[in-house]
Amino acid sequence: MDHIGELGPVDPVQVGVIGTGYVGLTVGACLAHLGHRVTCTDVDVEKVAALRQGRIPIVEDGLDTLVAEGLEQGTLSFELVHPEALGRCDVVFLCLPTPVRDNGDLDLSYVEQAVRHASGHLRPDCIVVTKSTVPVGTAARVRRWLGRADVHVASNPEFLREGCAVRDFLEPARVVIGATDERVAARLAALHAGLHTDVVVTDPASAEMIKYAANAFLATKISFINEIGRLCEAVGADVTEVAAGIGSDPRIGPEFLRTGPGWGGSCFPKDSRGLAYLAAVNDVSAPVVEASIRSNDDQLDHVYRTVRRLVGPADAVAMWGAAFKAGTDDCRESPALALADRLVAAGIEVRIHDPAARFAGRPGVIRVASAVEACDGVAGLVVMTEWPEYRDVDLQAVRSVMAGDVVCDARDVVDGERAVAAGLTVVRLGRPNAAEHAGAPVLA
Ligand code: UDX
């Protein structure tokens with residue numbers, strides 16, 4: 001593994017980005033912001049038309065500003081996928097969907113189709129780069145699909161958190177490049193000039209594995225603190241105190257030690273299952289990854305049981321939050337919606353509020369326009385997404401419309417003193433107070 005030091009000034013490069021989803025749009029807009037000339041392509045006619053007008057289809061802090069800047073300066077354009085769009089590019093990033101199959105394997109048909117479609121139109125010496133997460137070994141497959149010795153293939157995995165993807169791109173902890181050719185690695189490193197960060201250069205397979213290992217490790221860290229939280233409830237300890245106490249050890253670090261309803265989103269679940277699948281097909285034992293997934297499922301079960309100790313099947317509950325985390329409209333693998341479905345299955349109506357989330361209607365779940373309105377007539381409130389606005393809700397107003405007085409705060413959002421003053425009983429994950437309910441039976 002090599003480390004490339006301080007990168008020089010930006011030497012503008014013609015960049016192509018195939019796919020304008022959560023990753024592609026952020027990558028394209030940020031590379032344009034760095035001074036490159038970026039062409040983003042997509043098969044979605046309506047999306048391309050909207051993007052050309054600066055209308056972006058996702059919630060991502062700061063992205064609309066960068067897209068507007070790129071359009072205004074002429075450094076960012078949006079095209080329907082066609083050969084000419086990519087023929088002038090020196091580097092082409094693959095930011096395509098890789099749907100996960102039930103067994104954890106990824107469907108690479110979108111990647112293969114895009115690579116085969118583009119192959120005959122790429123200029124010699126072009127670099128095709130896998131950006132969105134792909135299984136280990138994909139770079140070798142892309143090389144085969146390209147069928148061209150004069151076009152290079154490399155891996156440059158993204159480490160973008162939804163909701164702060166622009167910041168994560170422009171202020172990365174590191175840039176990882178997987179390339180077999182030093183000149184290719186140097187060209188890709190130079191593309192990131194202007195980002196004051198460490199550039200790690202390795203082989204493509206290791207770069208692909210770095211991405212999986214990073215996500216699976218972060219997911220495991222969260223599963224671990226949630227597991228400790230469940231234990232804290234049983235023994236009357238406080239998981240936030242424990243997290244602070246262990247996180248102060250630089251070998252552990254304070255990040256990703258916040259207890260919650262379990263990890264969701266389009267990455268941790270898919271990548272953890274993908275790594276477990278990779279181990280299984282290679283006949284390699286990976287009990288830590290598998291246990292992290294099981295433990296995450298247990299955490300949602302735990303939140304469900306905690307809520308069911310507070311409300312019975314004839315009740316209704318309010319749910320604050322549908323998105324898998326704050327800052328995004330994304331509800332993929334959202335613990336909130338998974339919990340809502342389970343409560344509905346137990347005969348409990350769910351009145352849900354979320355300021356930004358996009359999700360389809362679902363039986364027994366009523367979407368309401370405000371956090372207070374969600375609480376109208378309910379037996380209890382469940383906080384599942386840590387939107388900042390929930391910290392400021394008038395809890396006196398909440399209590400005045402609720403039929404019951406219990407709150408299961410899975411995200412540590414509700415202010416304890418204001419809740420007590422409003423006559424609310426707040427149960428938090430991993431706290432001694434939850435223990436009072438730990439022994440209580442599920443309300444039949
Ligand atoms: C993740 C990785 O962080 C990112 O580097 C990668 O490129 C994509 O996957 P993302 O899934 O967007 O990013 O969100 P992240 O902020 O990592 O949160 C993932 C899940 O863990 C969310 O459900 C979040 O609520 C949960 N989480 C996170 C916790 O429960 N506790 C924490 O302390 C942190």
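In listed order, ligands and their atoms are each counted from 1. We number each residue from 1, following the sequence as shown. Since the model is a prediction, treat every value here as computed from it, not as a measurement.
Of the charged side-chain nitrogens involved, at least one lies within less than 4.0 Å of a carboxylate oxygen, so that Arg431 and Asp412 count as a salt-bridged pair. Taking 4.0 Å as the cut-off between side-chain N and carboxylate O, Glu386 and Arg391 do not count as a salt-bridged pair. A salt bridge is absent between Asp61 and Arg167; no separation between the charged side-chain nitrogens and carboxylate oxygens falls under 4.0 Å.
Shortest contact from atom 30 (O) of ligand 1 to any protein heavy atom: Ile222 CG2, 3.5 Å. At the shortest separation from atom 1 (C) of ligand 1 among protein heavy atoms lies Phe268 CE1, 3.4 Å. What sits closest to atom 4 (C) of ligand 1 on the protein, heavy atoms only, is Leu160 O, 3.7 Å. The nearest heavy-atom contact from the protein to atom 20 (C) of ligand 1 is Trp263 CB, 3.7 Å. Annotation: atom 3 (O) of ligand 1 to nearest protein heavy atom, Arg161 CG, 3.1 Å. In terms of protein heavy atoms, atom 9 (O) of ligand 1 is closest to Cys267 CB, 3.1 Å. Looking from atom 33 (O) of ligand 1 to the surrounding protein, the closest heavy atom is Arg258 N, 3.0 Å. Atom 23 (O) of ligand 1 has Gly264 N, 3.0 Å as its closest protein atom, hydrogens excluded (heavy atom only).
Between Val350 and Ala340, the closest heavy-atom pair is CG2-O, 3.9 Å. The two residues Phe159 and Ala214 come nearest to each other via the heavy atoms CE2-CB, 4.2 Å.
When the options Lys211, Glu333, Arg411 are ranked by their closest heavy atom to atom 7 (O) of ligand 1, first place goes to Lys211. By heavy-atom distance, the residue among Met384, Lys325, Glu162 lying nearest atom 14 (O) of ligand 1 is Lys325.
The main-chain N or O of Ile366 is never found under 3.5 Å from a side-chain atom of Arg351 such that the two would form a donor-acceptor pair.
Residues Cys40 and Val38 are in side-chain contact: their nearest non-hydrogen atoms beyond the backbone lie under 4.5 Å apart. Using a 4.5 Å heavy-atom threshold, the side chains of Thr138 and Leu106 count as separate.
Of the N and O atoms on the side chains of Glu69 and His33, at least one donor lies less than 3.5 Å from an acceptor on the other residue.
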Table please: side-chain donor-acceptor pairs of residues 261-269 below 3.5 Å, with sequence neighbours left out.
unit_1, atom_1, unit_2, atom_2, d
Trp263, NE1, Ala219, O, 3.0
Trp263, NE1, Ser223, OG, 2.9
Trp263, NE1, Asn296, OD1, 3.4
Ser266, OG, Glu162, OE2, 3.4

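Close approach to Leu257 involves these atoms of ligand 1, each under 4.0 Å from a residue heavy atom: 33 (O). Listed by atom number, the atoms of ligand 1 under 4.0 Å from Phe159 heavy atoms are 5 (O), 7 (O).
Looking at ligand 1, you won't find any N or O of Gly265 less than 3.5 Å from one of its N or O atoms. Residue Glu158 has at least one nitrogen or oxygen atom sitting less than 3.5 Å from a nitrogen or oxygen atom of ligand 1, judged on distance alone.
Ligand 1 is never approached by Gln299 to a heavy-atom distance shorter than 4.0 Å.
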